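Only a predicted model underlies this, so the values are computations on that prediction, with no experimental measurement involved. Counting from 1, the numbers follow the sequence of the chain as shown.
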Amino acid sequence: MKIKSIILSLVASATLGMTFTSCQDMLSPNSERHSYEIGGDTLYSYWGILRSLQNVAERYVVLGECRGDLVDGTSYVSDSIKAILDFDMENAKDGSCRFLQASDYYHVINSCNAYLAQADTVLVTGTNQPYMLKEYAQVEAIRAWVYLQLIQVYGEVPFYTDPLLTTDDINNFISNPSHQKANADNLADLLEPFLTRALAIETQYGFPSYEKYGYTSEVCHSTKAMIPLNIILGDLYLTKGDEASCAKACQYYYNYFGNTRGDGHITAGGALPAGYNYNGYKGEGMDIARYESGQGGTPWTERGEQSRTQEAITAIPSSTNKLWGTVLRGVNELYGYGSEISVHTGQNDSVTSASIVLTPRYDFKQLRASAGYFAQCKAQQYEVLIGAQSQKPAEMELVVDPEVGDARQFWVKDVNQIYSNGLHNTEKFITKQNPDGRFTTVFPMIYRKSQVWLRFAEALNGAGYPSYAFAILKNGLCKNDSWYPRWDEENGHIDFAVKDSSYFISYTVEELTGEVDAEGNPYTTTVTKYFPANTNTEASPYHTLAAVRAAAMEQLGLTEEEIAATIPTWFPVSYQNYPDESSSAMLYYLDAREVKKAPSFLNFDKNVFEGNYSSYSLVFRTSLTQRNMERTNEAYSVSDDHATVGIHTRGCGIVPPSQMKNSEYDYVKLIQKAAAKQGLELTKEDIYNGAYDKLIRTVVEDLIVEEEAMELAFEGNRFFDLMRVAHRRGDASYLAERVSKRGGEKDEALYNKLLDKKNWYFPLPKY
């Protein structure tokens, strides 16, 4: 299909949508919604845009996962899906399957353009409230998200913001040889003028709210179908990827977590819910690790209004019935689930209700968790406490539990199937998209908190704050007075460390106390004098070597010769860029240079960053030979130090505050381990003195990408995550290496194909 025909097919829908778009689908609110008597056409058009968004919802998952390293094809894979898996662009042309239709994206964009051009945003109610400003801001967010999907799937794409409502509009656009193009490097800049205005509206008025979506049952609350503008702006600048853009992305992600919208109705809240975690252990009589979900629900079952206690942010929900709209079943079918109607009966076998349930069918399954996914899970170190229930966690031993790996493998479950002919089959099925096996769950998930935190970590690292980025993985960032090391401006040091200097003179003297003993002898005390050369602060009186020597002579009453004879050596103290081992701060490993220059997006003093759970208990074993886990009698609550969880903790065991410094998941240990693979033996001093900052940022970025694989697997993010990092590094082999190992062994042909970035993108139709 040519671009002209792509756009031409939208003319009728874009113009008629302003007046005739049907609202009789799942995106129509129920009877509880407020009815607009004025501006109704604009409202119906907005719902029409939401419905058209359903047409691109599932390809977000399919195109994001099939091209990554976490899924692979089964023997039942179709030709069209295999072409996507193999990057076979000859057979994965536009229109070759329902997941490759560029016109669907442009349908949404052209509808958004028409809406934004024609919507009356000046109209107000009798109480002087604007009718459609909230929807206007959301349409800007939708258009931006769809453009982002386009550049991730097709690379460089035609960009326009005016509605193409007539044939002349289309002809003028396509006949212009220099019509504008959007790509990863310029999309943020092209869209920011539109999005910043929309963000101001969202900040003042909040989201549109029509209560629940769905008729006979709640699919999800309407606010779950909204895209927060701070998040999409953060994504756009993170995709651009240079250091300045990463800093911008940081601020937008922080603003999402840290701001209450102007309507006072929804607070995003920053801290992750602690209920979403997993315990990995060996079950009774089993020789392999078994994974069980922890306390609380999961984001895919959160249907209520957005709140700080939930993790789900944005979803594109499915209808539960074709009569009400689009039923999104493609992803479930690819993962191996057939749909069946479950009938519930009452007295006299009368039917009381019916629902669609998902049944695993190995002969339906086209996609499975890859060998590369399981290898990454196995490489993780699940940590557990060894001790007795009478012991405090600080008295127990923290060890790595063998054979467990990352417990988020919980999402891939063994399903036993016994057939009428007596055959028995055991298959692994991915359960993540619909964990409760029905269509009424929030699906598919576009944004959730841990995903945005991981992108925040990416942006922090890219902006030059690798130790803060690591903190998101290990501990989480939250409001807690004892959480962070503090920069002492008056005394010029961080926590218990001396100044973050290049060198210092240390001199010990005996000084009179001014008191005498019973016999009249004066008391003396031993005092150590520090004279640091603070090369980071020109205003310091000790800015130069000569100034330090002069200060030492004046304060100690020594001559230059006496200093030279007594203090022959300048001692390096670059390791004082972090607190000493006696620091009680949970984030003891933060680099003092980062703490000192911390901008607004590293301020977590706001109440929205408080932990949002009551308490949790710690699990332990009496020994590694014991199969089952037990729980300690000591619980942690929001009043304790551990006010949130790090994302890595979700899959690799909760580590109590008293054991944090004993964990293998440690900033210095992990950097040293990665450096050793490159033949470098780095000391702690090396890591904090600035000489290896580029290497450190690379190591932390690898850890983030690894964590994205564990936490976000099968949700549709993977290829886009790898693409984003490879683009930022300017290194195609970064993506090629990982994807080529999805089968366990490296596929050299696939690796070589992906070294050419042209093969990352599907071809747009010629025009």
Set of residues satisfying side-chain hydrogen bond (donor to acceptor under 3.5 Å, both in side chains) with respect to [X], sequence neighbours excluded:
X    : answer
R329 : E333, S339
Y147 : none
N752 : none

In terms of side-chain heavy atoms, does [X] have a donor or acceptor partner in [Y] at a distance below 3.5 Å?
X    : Y    : result
D72  : Y373 : no
Y447 : D235 : yes
Q380 : D406 : no
T74  : Q366 : no
Y105 : N55  : no
D702 : Y734 : yes
S740 : E748 : no
N717 : Q451 : yes

- How many angstroms lie between atom CG of N759 and atom CG of L735, to the nearest 0.5 angstrom? 11.0 Å
- Given K449, R448, K224, the one that forms side chain to side chain donor-acceptor pair (under 3.5 Å) with Q310: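 Considering K449, R448, K224, a side chain to side chain donor-acceptor pair (under 3.5 Å) with Q310 is found only for K224.
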- Item | side chain to side chain donor-acceptor pair (under 3.5 Å) partner of D69, the single match among R742, Q376, R738 |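 The option that passes is Q376.
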List for me each residue that meets salt bridge (charged side-chain N to carboxylate O under 4.0 Å, His left out) alongside [X], sequence neighbours excluded, and say none if there are none.
X    : result
E458 : R724, R728
K365 : E427
K746 : E737

Flag the pair [X] / [Y] as yes when their ring centroid distance falls below 6.0 Å, and as no otherwise.
X    : Y    : answer
F429 : Y335 : no
W453 : F257 : yes
Y252 : F456 : no

Any side-chain heavy atom of [X] within less than 4.5 Å of one from [Y]?
X    : Y    : answer
K93  : L100 : no
Y382 : V400 : no
Y60  : W145 : yes
E58  : F99  : yes
L53  : V146 : yes
L334 : I81  : yes
K82  : D88  : no

- Item | K741/D747 under salt bridge (charged side-chain N to carboxylate O under 4.0 Å, His left out): CA gap, chis, key distance, verdict | CA-CA 6 Å; K741 290 182 178 178; D747 183 334; over 6 Å; no
- Give a yes or no on this: more than 12 heavy atoms of other residues, nucleotides or ligands lie within 6.0 Å of atom CG of D79. no
- Any chance NZ of K378 has more than 12 other-residue heavy atoms, nucleotides or ligands included, within less than 6.0 Å? no
- Message: Is the ring pair H648/Y665 parallel, tilted or perpendicular, if the boundaries are 30 and 60 degrees?
- Response: parallel
- Message: Can you confirm if the NZ or CZ of R718 lies within 45° of the ring axis of F720 and under 6.0 Å from the centre of its six-membered ring?
- Response: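 R718 over F720 ring: no.
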